[in-house]
Amino acid sequence: MKEHVYRIVVPTPFPVGNVNMYLIKGDSLTLIDAGVKTKEAWHSFQQQLRQIGYAPSDIDQVVITHHHPDHVGLLDYLPDSLPVIGHWKADRWVRQDEAFFQQHQRFFEQFLLECGVDRLFLAELSHLRGSLRYACRRPLTATIKEGDSLPGLPHWKVIETPGHAQSHVVFYRETDGAMIGGDHLLLHISPNPMMEPPFPGEMERPKPLVQYNASLLKMRDYDISFVMTGHGEDVTDVSALIEKRLRKQRERAEQVLDMLKQKPHTVFQICQKLFPAVYQKELMLTMSETIGQLDYLEENGAVRKKKENDYYVYEAVEGSICG
Ligand SMILES: [Zn+2]
């Protein structure tokens, strides 16, 4: 049977603006991503669904590209019986159980202290619950991983693309090179590599920016004709976009390396210099971005860190250039 992919666009209360969802009509009806939990998004979703001839009760399954609120929130408006499928690393975020909130809190307290953040700023951490108010609160019913096919859609393959989120996956249709890319490749913005706590059994924290760059390079292994993105228009020239993202990344890291060539810094000191106007208001976001640059430089051998008291101090390696 002929397959059809519809795009549904709903508003979000976030600076990113609208978010895209995709409805794949094959033998069954699959919704890829599920907007944000606001009444506006829900009404807009229902209206667009009606225009293409469906009701929420017609949806057979929902698959998510990653766990961020603007991609899962509407799940709370959809029937409890609906199968919800995503990478297993998304489950703790959509489930939102108490043990995870506590683990999250403990990890970030330790992490931020090691970054040289003053204890005064740690109050910001209790805001996780608030920041998840636009997300859903229901567990995944099935999980997917690298190389799997989407249930009921055998030619759509799962590719793991950690970076923007540890749970991030994209879906690649082998028959024509179409991709549903979540937030991995966006035309006008570079997705933030968000820090997350490690998973049980992992000894070290993730390095989201290093992972993101590797996930960008991984895209070169596929013949991609176009990407249906999570925000904004489709991406058609994928290799040009990857080049542009990697080049900008090198430029940002060079800026940080220049600061470290002047004198050693903690992560927080770098963060304050990079984001003087917003670091207090957006501590998690700006610290994720900053540690990303430092992980990247460290990975390339351009900087090294040493522990002084409770925190790390980063310094430039003699004669280093980045990447
Ligand atoms: Zn998004």
Side-chain angles (χ1 to χ4, degrees), residues 5-25 29-52 54 56 59 61-78 82 84-87 89-90 93-94 96 130-138 140 144 150 156 158-159 161-171 178-194 196 208 212 215 226-236 241 245 282 284-285 288:
V5 182
Y6 302 90
R7 186 204 309 263
I8 295 174
V9 188
V10 300
T12 79
F14 306 126
V16 72
N18 294 338
V19 65
N20 300 331
M21 310 153 73
Y22 296 92
L23 192 70
I24 307 179
K25 174 64 185 141
L29 196 60
T30 302
L31 180 67
I32 308 283
D33 281 347
V36 67
K37 191 164 67 185
T38 65
K39 286 215 165 62
E40 294 75 18
W42 176 236
H43 288 139
S44 171
F45 172 67
Q46 285 177 295
Q47 192 183 20
Q48 291 172 70
L49 206 56
R50 210 175 308 126
Q51 276 166 5
I52 48 182
Y54 298 106
I59 298 169
Q61 59 180 1
V62 180
V63 184
I64 58 171
T65 58
H66 62 299
H67 66 261
H68 289 166
D70 50 334
H71 299 260
V72 303
L74 287 182
L75 281 168
D76 272 2
Y77 286 101
L78 291 166
L82 198 62
V84 180
I85 301 154
H87 193 268
K89 289 189 169 179
W93 293 96
V94 293
Q96 293 195 44
S131 72
L132 289 179
R133 71 185 177 281
Y134 297 112
C136 67
R137 199 158 190 175
R138 62 189 286 174
L140 297 179
I144 40 175
L150 291 184
W156 283 94
V158 176
I159 306 170
T161 48
H164 176 57
Q166 293 301 308
S167 66
H168 204 292
V169 284
V170 300
F171 310 121
M179 181 174 277
I180 296 180
D183 287 355
H184 185 46
L185 285 166
L186 301 173
L187 199 53
H188 300 298
I189 43 173
S190 175
N192 310 304
M194 291 301 294
E196 294 177 28
Y212 179 69
S215 294
F226 66 105
V227 183
M228 293 172 267
T229 60
H231 303 273
E233 309 122 66
D234 290 352
V235 173
T236 47
L241 184 66
R245 291 276 171 268
E282 296 283 359
M284 300 294 260
L285 201 66
S288 287

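Everything numeric here is computed off the predicted structure, so don't read it as measured data.
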Problem - Stepwise side chain to side chain contact (heavy atoms under 4.5 Å, CB included) test for L285 and M194 - result: CA-CA 7 Å; L285 201 66; M194 291 301 294; 3.4 Å; yes

Handout entry: Candidate pair Y22 and L31, rule side chain to side chain contact (heavy atoms under 4.5 Å, CB included), full reasoning
Key = CA-CA 6 Å; Y22 296 92; L31 180 67; over 6 Å; no

Exercise for the section: Please assess I64 against L140 for the test side chain to side chain contact (heavy atoms under 4.5 Å, CB included), listing each intermediate value before the final yes or no. Expected result: CA-CA 10 Å; I64 58 171; L140 297 179; 4.1 Å; yes

Handout entry: Derivation of the side chain to side chain contact (heavy atoms under 4.5 Å, CB included) call for V62 and L78
Key = CA-CA 10 Å; V62 180; L78 291 166; 4.2 Å; yes

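Annotation: side chain of L186 is in contact with side chain of D183 (closest heavy-atom distance under 4.5 Å). At a threshold of 4.5 Å between non-hydrogen side-chain atoms, the residues L187 and T229 do not count as touching. In this structure, the side chains of I159 and H184 stay at 4.5 Å or more apart for every pair of heavy atoms. Looking at I24 and W156, their side chains come closer than 4.5 Å, going by heavy atoms from C-beta outward. The closest side-chain heavy-atom distance from I144 to L150 is below 4.5 Å. Side-chain contact between Q46 and Y77 is absent, with no heavy atoms from C-beta onward closer than 4.5 Å. The closest side-chain heavy-atom distance from C136 to L74 is not below 4.5 Å. When side chains are defined from C-beta on, F14 counts as touching Y134, because their heavy atoms get closer than 4.5 Å.
Side-chain contact, Q166 with H67: no donor N or O sits under 3.5 Å from an acceptor N or O. When only modelled atom types and interatomic distance are considered, Q48 and S44 share a side-chain donor-acceptor pair under 3.5 Å.
A distance-only check finds no donor-acceptor pair linking the side chain of H164 to the backbone of P193 [under 3.5 Å]. Proximity of a side-chain donor or acceptor of H68 to a complementary backbone N or O of D70 within less than 3.5 Å is not detected. For N20 (side chain) and M228 (main-chain N/O), no donor-acceptor pair under 3.5 Å exists by modelled atom type. For R50 (side chain) and F45 (main-chain N/O), no donor-acceptor pair under 3.5 Å exists by modelled atom type.
The two residues P162 and S215 come nearest to each other via the heavy atoms O-OG, 2.7 Å. Taking every heavy atom of both residues into account, S167 and A90 meet most closely at CB-N, 3.4 Å. When all heavy atoms of L49 and P56 are compared, the closest pair comes out as CD2-N, 3.5 Å. Residue D234 comes nearest to R7 through the heavy atom pair OD1-NH2, 2.9 Å, listed as atom of the first residue, atom of the second, then distance. Heavy-atom minimum distance, V10 versus G35: CG2-CA, 4.1 Å. The shortest non-hydrogen separation linking T12 to V19 is CG2-CG1, 3.6 Å.
In this structure, CG in N192 is found 13.0 Å from CE in M284, a value given to the nearest 0.5 Å. With rounding to the nearest 0.5 angstrom, the OG1 atom of T65 is 12.5 Å from the NE2 atom of H87. To the nearest 0.5 Å, atom NZ of residue K39 and atom NE2 of residue H43 are 7.5 Å apart. With rounding to the nearest 0.5 Å, the separation of NE2 in H168 from OH in Y212 is 8.5 Å. To the nearest 0.5 Å, atoms CG (L185) and CZ (F226) are separated by 13.5 Å. Interatomic distance, D33 CG to I180 CD1, rounded to the nearest 0.5 Å: 8.5 Å.
H231 has its ring centre less than 6.0 Å from the ring centre of H71.
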